[in-house]
Amino acid sequence: MNKVLVLGAGGQIGTELVAALRAERGQENVWAADLRADALTAPCVALDATDASAVRALVEREGIREIYQLVAMLSATGEKMPDKAWALNMDTLFIVLDMAKEGLLDRVFWPSSIAAFGPTTPRLGTPQYTVMDPTTVYGVSKLSGELWCQYYRQKFGVDVRSLRYPGLISWKTPPGGGTTDYAIDIFHAARRDGRYTSFLGPETRLPMMHMEDAIRATLQLMAAPKESLTVQTSYNVAAVDFTPAELAAAIAKRMPGFAIDYAPDFRQAIANSWPQRIDDAEARRDWGWTPRYDLDALVDDMMAHI
Ligand code: VAH
């Protein structure tokens, strides 16, 4: 059983991915690493994913053969410090790709995002292969990273796999500075205050996914036979799409009296540049992807736990 390292293990995806990997491979085979280790469970380590020698030393000492590299600065935060976002998102990817190129790793996972699309991308039924002109540093870093993953795969035979995650909705960890964070914040506000002020307008439709679907898609992609994978950059993957108004209506059905109002901020322009609904035909064909959470199931689960 390959030993695995999750970089960014304390984040929104990492927290749940570590648990799922440990359930699949055994706790002792899955190392969790993040800048701070106090919220992690053993085997774990405080590790700066931009420190190539530290990452390499852990991999060589522990005989790790797979890395899930989740470290990134998301769209909204990235616009406040673009140079830091670019450096963090790209440096951490190259460290892992170069180790795989040298034969230190058998397989790598790296998350892309629907943020890699842009304002001229077809917004409804966004295909796997289409125009991509991202307008955020986060999106530029994700599109660039996808192309570098393809380059390392084609030139050096690196087995790197990737998903273009939509907005991810989870109750186990707080959101991490993204434009889709409203779809998590709204549940906490509903429970706490009975009302929510959305930073996106009522009709802002975005592709979303329950975290359990996202984790299942990740493990399914990583387990797929290499020869079945036709996409060399990053797979479109979809589950559900909704607007803040639709989400609020679903919450109000379960919490009579819940009220929402709207105060769009700088994140509205980011959301307006992204697709509204994704076509994930290749993921369904190549590795059997099917989502389990629709809007009602997502809202029921979030409200059962928050
Ligand atoms: C963000 N949650 O909002 C992330 C995600 C599709 C959005 O990449 O930046």
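Both ligands and their constituent atoms are indexed starting at 1 by order of listing. Starting from 1, each residue takes its place in the sequence as its number.
- Between Ser113 and ligand 1, a contact under 3.5 Å exists for at least one N or O pair.
- Applying the 4.0 Å criterion to heavy atoms of Thr179 picks out, from ligand 1, the atoms 1 (C), 3 (O), 9 (O).
- A salt bridge does not link Asp34 to Arg36: none of the charged side-chain nitrogens sits closer than 4.0 Å to a carboxylate oxygen.
- Using a 4.0 Å cut-off to heavy atoms of Ile114, the atoms of ligand 1 that qualify are 6 (C).
- Residues Met99 and Val59 share a closest heavy-atom pair of CE-CG2, 3.4 Å.
- With salt bridges taken as basic N to acidic carboxylate O contacts below 4.0 Å, none links Asp280 and Arg164.
- Contact atoms of ligand 1 toward Tyr138: 5 (C), 8 (O), 9 (O) (distance under 4.0 Å to a heavy atom of the residue).
- Of the protein's non-hydrogen atoms, Thr180 OG1, 3.0 Å is the one closest to atom 2 (N) of ligand 1.
- Note that Arg61 lies in the cation-pi zone of Trp31, set by a 6.0 Å cut-off to the ring centre and a 45° limit from the axis.
- Counting atoms of ligand 1 from 1 in the listed order, those under 4.0 Å from a heavy atom of Leu74 are 9 (O).
- In this structure a side-chain-to-backbone donor-acceptor pair under 3.5 Å is missing from Asn236 to Ala283.
- By the 3.5 Å distance cut-off applied to N or O atoms, Trp274 is not counted among the residues near ligand 1.
- Only the backbone of Pro166 comes within 4.0 Å of ligand 1, judged by heavy-atom distances.
- Contact check on Arg292 versus Asp213 returns no salt bridge, with no Lys/Arg side-chain nitrogen under 4.0 Å from an Asp/Glu carboxylate oxygen.
- Considering only non-hydrogen protein atoms, atom 9 (O) of ligand 1 sits nearest to Ser75 OG, 2.6 Å.
- For ligand 1, the polar-atom distance check finds no N/O of Tyr165 at less than 3.5 Å from any of the ligand's N/O atoms.
- Taking a cutoff of 4.0 Å between a charged side-chain nitrogen and a carboxylate oxygen, Arg254 and Asp296 qualify as a salt bridge.
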